[in-house]
Amino acid sequence: MYGLWRPRVLGGWRVPATGPVILAVNHSHNIDGPMVIGVAPRASHFLVKKEAFVGPLGPFMRSVGQLEVDRSTADRTAITRALEVLSGGGVLGIFPEGTRGEGDFAALRAGLAYFAVRSGAPIVPVAVLGSTERSGRLIKALPALRSRIDVVFGDPFEAGDGSGRRTRKALDEATERIQKQLTAHLEDARRLTGRRATLK
């Protein structure tokens with residue numbers, strides 16, 4: 001990441017040094033996940049769509065601890081492996097929007113709330129900004145080489161209400177709390193970096 005682009009990492013010290021943590025990352029470009037994996041202060045295991053595990057990239061991604069998930073179904077294997085990462089005190093990375101889009105946390109899926117409430121792990125919001133601003137000249141699917149990409153880590157927070165409930169209502173309420181926190185962090189990150197939302 002540092003060889004091809006110029007990442008600027010802000011707030012990395014906010015990621016707890018030990019214990020289970022969930023990184024909740026906005027997702028507007030394919031490079032966002034690898035960028036966070038490359039610059040995060042702790043090794044992280046991201047839930048990644050199975051379609052990305054193709055060719056030689058598949059074995060490599062598995063070897064560095066990334067978790068393959070089938071988004072078309074309730075993938076029990078992926079859920080179990082993600083919970084094992086957290087129960088072992090590791091870092092789980094999630095794109096709570098479920099798929100690449102505007103990267104504004106406008107529509108969250110319930111998975112993040114489930115993992116946070118089930119494990120009790122704090123969530124650290126992460127904003128990746130600048131990955132969609134300029135396309136590369138040789139490879140249009142990647143950001144321009146040596147361009148500045150900001151990765152802003154926010155303060156950790158608890159998603160649950162402290163009751164330990166895992167009902168549908170509890171997860172819906174947790175999702176609402178999470179969305180407010182992530183949206184606020186994204187706004188703060190844009191102010192801090194001087195970046196505005198990128199229209200595609």
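All values reported here derive from a predicted model rather than from experimental measurement.
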- prompt: Excluding sequence neighbours, so at least two apart, what forms ring pair (Phe, Tyr, Trp, His ring centres under 6.0 Å) with F46?
  reply: F95

task: Specify the closest pair of heavy atoms between P96 and V25, including all atoms of both residues, with the distance to one decimal.
output: CD-O, 3.3 Å

task: Search all heavy atoms of G154 against all heavy atoms of V124 and return the closest pair with its distance.
output: O-CG1, 3.4 Å

task: Can you sort out the partners of D70 under side-chain contact (heavy atoms from CB on, under 4.5 Å), two or more places apart, ordered by chain and number?
output: K50, S72, T73, D75

field: V39: side-chain contact (heavy atoms from CB on, under 4.5 Å) partners, not counting sequence neighbours
entry: Y2, P7, V9, M35, V151

- line: Rounded to the nearest 0.5 angstrom, the OG1-CD1 distance for T193 and I149 is 12.5 Å

query: CZ/F157 to NZ/K180 distance, rounded to the nearest 0.5 angstrom?
result: 12.0 Å

- prompt: Just how far is it from atom CZ of R148 to atom CZ of R195, taken to the nearest 0.5 Å?
  reply: 8.0 Å

message: Nearest 0.5 angstrom please: K49 NZ to E68 CD, how far?
response: 12.5 Å

message: Among residues at least two apart in sequence or on other chains, which ones pass side-chain contact (heavy atoms from CB on, under 4.5 Å) with E173?
response: D161, R165, K169, R177

message: Working to the nearest 0.5 angstrom, can you tell me the gap between R118 CZ and I79 CD1?
response: 9.0 Å

- prompt: Among H185, R14, Q181, which residue meets the side chain to side chain contact (heavy atoms under 4.5 Å, CB included) test with P125?
  reply: H185

- prompt: Can you tell me how far CG of L112 sits from CD1 of I123, rounded to the nearest 0.5 angstrom?
  reply: 4.0 Å

task: Give a yes or no answer on whether the side chain of H45 reaches the backbone of G65 with a donor-acceptor pair at less than 3.5 Å.
output: yes

field: Any residue meeting side-chain contact (heavy atoms from CB on, under 4.5 Å) with A82, in chain and number order, not counting sequence neighbours
entry: L47, L67, L92, F115

query: Remaining members of L10's ILVMFWY cluster at a side-chain heavy-atom cut-off under 4.5 Å?
result: V152, L192

